[in-house]
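Written below as structure tokens is the structure these notes are about.
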Amino acid sequence: MAGLRGALIVLEGADRAGKSTQARRLVEALKERGYKTEGLRFPERTTEIGRLIGSYLEKKSNLEDHTIHLLFSANRWEQVPMIKEKLRSGVTLVIDRYAFSGVAFTSSKENFDLHWCKQPDVGLPKPDLVLFLNVSPEVAASRGGFGNEIYETNSFQEKVSKRYAELMEDKTVNWTLIDASQNIEDVHRQLKELTEKAIEDAKDKPIGKLWE
Ligand code: ADP
Ligand code: MG
């Protein structure tokens, strides 16, 4: 008899929505509750591809826009064998950003459409739940300024928000919108509850394929 698989849980949302804070807390809380759980993040800057991405984001190198888009996607694909192995061995994965970020960011550039941007990520392991942490630009701004990375400007982040909204219209993806302007504890409690339910729902289902 096959063992029960873990769930693939993704956190998305604007800069400073609280993704990294909540991802860390969620992993800890799930472990405490007895679920085998690990956290991942994209981009994963420690691989060779990840180093190219890091250098681009930090404005230390310039890369052509299609090229950087494909590198972000490749950075996810290179982790897919590990992701599938973990899920199949019963580990729940909490991922800080996934393909939705990749698409929302590139499609916010001139002359990129959403359809083209999605194609390289078609067929990735499909998240069982995508938690979208929703905050207004004003609330995000109250949590500190931007860093110096390439996408960290108000005008670009506004476009990114619109693209996320378009992606959320796709009902083949299990989106849940969370009011992330609440305090850290309240957001955490909701994420934990939703995730525990997703783990129960996913455990005897096959791993899906994104956007197929
Ligand atoms: P993201 O990963 O989405 O960019 P972070 O988790 O790094 O966001 O959070 C950005 C900043 O906002 C951090 O200083 C964090 O402590 C703070 N923060 C996160 N969530 C909340 C919240 N619900 N209320 C107030 N501040 C928060
Ligand atoms: Mg973060």
Side-chain angles (χ1 to χ4, degrees), residues 8-32 37-47 49-60 68-69 71-73 75-76 79 83 92-108 121 127 129-168 173-195 198:
L8 181 54
I9 310 296
V10 168
L11 273 70
E12 287 279 2
D15 211 60
R16 294 163 292 168
K19 299 177 296 300
S20 302
T21 305
Q22 294 294 339
R24 275 194 300 275
R25 298 202 51 159
L26 190 54
V27 169
E28 290 314 311
L30 292 171
K31 280 185 184 165
E32 268 172 37
T37 311
E38 292 179 28
L40 300 176
R41 83 252 14 108
F42 288 112
E44 173 48 67
R45 298 190 197 208
T46 59
T47 67
I49 293 169
R51 279 188 280 279
L52 295 173
I53 294 170
S55 166
Y56 172 82
L57 291 173
E58 292 161 27
K59 299 186 235 181
K60 290 177 182 154
I68 185 65
H69 183 70
L71 287 175
F72 269 104
S73 178
N75 185 239
R76 289 182 281 276
Q79 305 293 335
I83 288 174
T92 284
L93 295 174
V94 174
I95 311 190
D96 185 352
R97 295 191 180 279
Y98 199 52
F100 313 99
S101 284
V103 172
F105 279 75
T106 303
S107 67
S108 295
D121 287 307
L129 177 63
V130 187
L131 297 159
F132 186 83
L133 303 189
N134 195 39
V135 283
S136 65
E138 293 74 28
V139 169
S142 75
R143 295 179 182 174
F146 287 118
N148 285 319
E149 293 203 336
I150 194 160
Y151 294 130
E152 296 178 334
T153 66
N154 281 325
S155 59
F156 196 76
Q157 296 284 331
E158 254 171 59
K159 289 182 192 149
V160 170
S161 294
K162 288 191 186 129
R163 295 307 200 162
Y164 269 130
E166 284 178 55
L167 287 170
M168 275 186 264
V173 173
N174 188 17
W175 291 97
T176 301
L177 193 76
I178 305 290
D179 174 6
S181 67
Q182 303 168 89
N183 68 51
I184 291 177
E185 204 50 49
D186 286 347
V187 175
H188 171 67
R189 214 171 304 124
Q190 288 166 51
L191 299 190
K192 193 171 73 162
E193 192 175 314
L194 289 161
T195 300

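Just follow the structure's listing: the first ligand is 1, and inside any ligand the first atom is 1.
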Under 2.8 Å: N/O/S of S20 next to the Mg ion (ligand 2): yes

Test of ring centre spacing under 6.0 Å for Y164 and F132: yes

Side chains of [X] and [Y]: does their closest heavy-atom pair fall under 4.5 Å?
| X | Y | value |
| --- | --- | --- |
| F156 | F105 | yes |
| R76 | E44 | no |
| I184 | T21 | yes |

Ring-face cation contact, F146 with R16, 6.0 Å cut, 45° max: yes

For [X], counting its heavy atoms only, list the atoms of ligand 1 lying under 4.0 Å from any of them.
| X | value |
| --- | --- |
| A14 | 3 (O) |
| T21 | 5 (P), 6 (O), 9 (O), 15 (C), 19 (C) |
| G18 | 1 (P), 3 (O), 5 (P), 6 (O), 8 (O), 9 (O), 19 (C), 20 (N) |
| A17 | 3 (O), 8 (O) |

Non-hydrogen protein atom less than 4.0 angstrom from atom 15 (C) of ligand 1: yes

Proximal candidate to atom 4 (O) of ligand 1 [heavy atom criterion; set R24, E152, R16, R143]: R16

Distance, nearest 0.5 Å, that separates OG of S108 from CZ of R163: 6.0 Å

Protein contact of atom 3 (O) of ligand 1 - nearest heavy atom, named by residue and atom, plus distance: K19 NZ, 2.6 Å

Protein contact of atom 7 (O) of ligand 1 - nearest heavy atom, named by residue and atom, plus distance: S20 CB, 4.1 Å

Contact with ligand 1 for Q182, non-hydrogen, under 4.0 angstrom: yes

Any A23 heavy atom less than 4.0 Å from ligand 1: no

Flag, side chain of Q182 to backbone of D179, donor-acceptor distance under 3.5 Å: yes

Which residues share a side chain to side chain contact (heavy atoms under 4.5 Å, CB included) with S136, sequence neighbours left out: E138, V139

Mode of N183 contact toward ligand 1 - side chain, backbone, both, neither (heavy atoms, under 4.0 Å): backbone

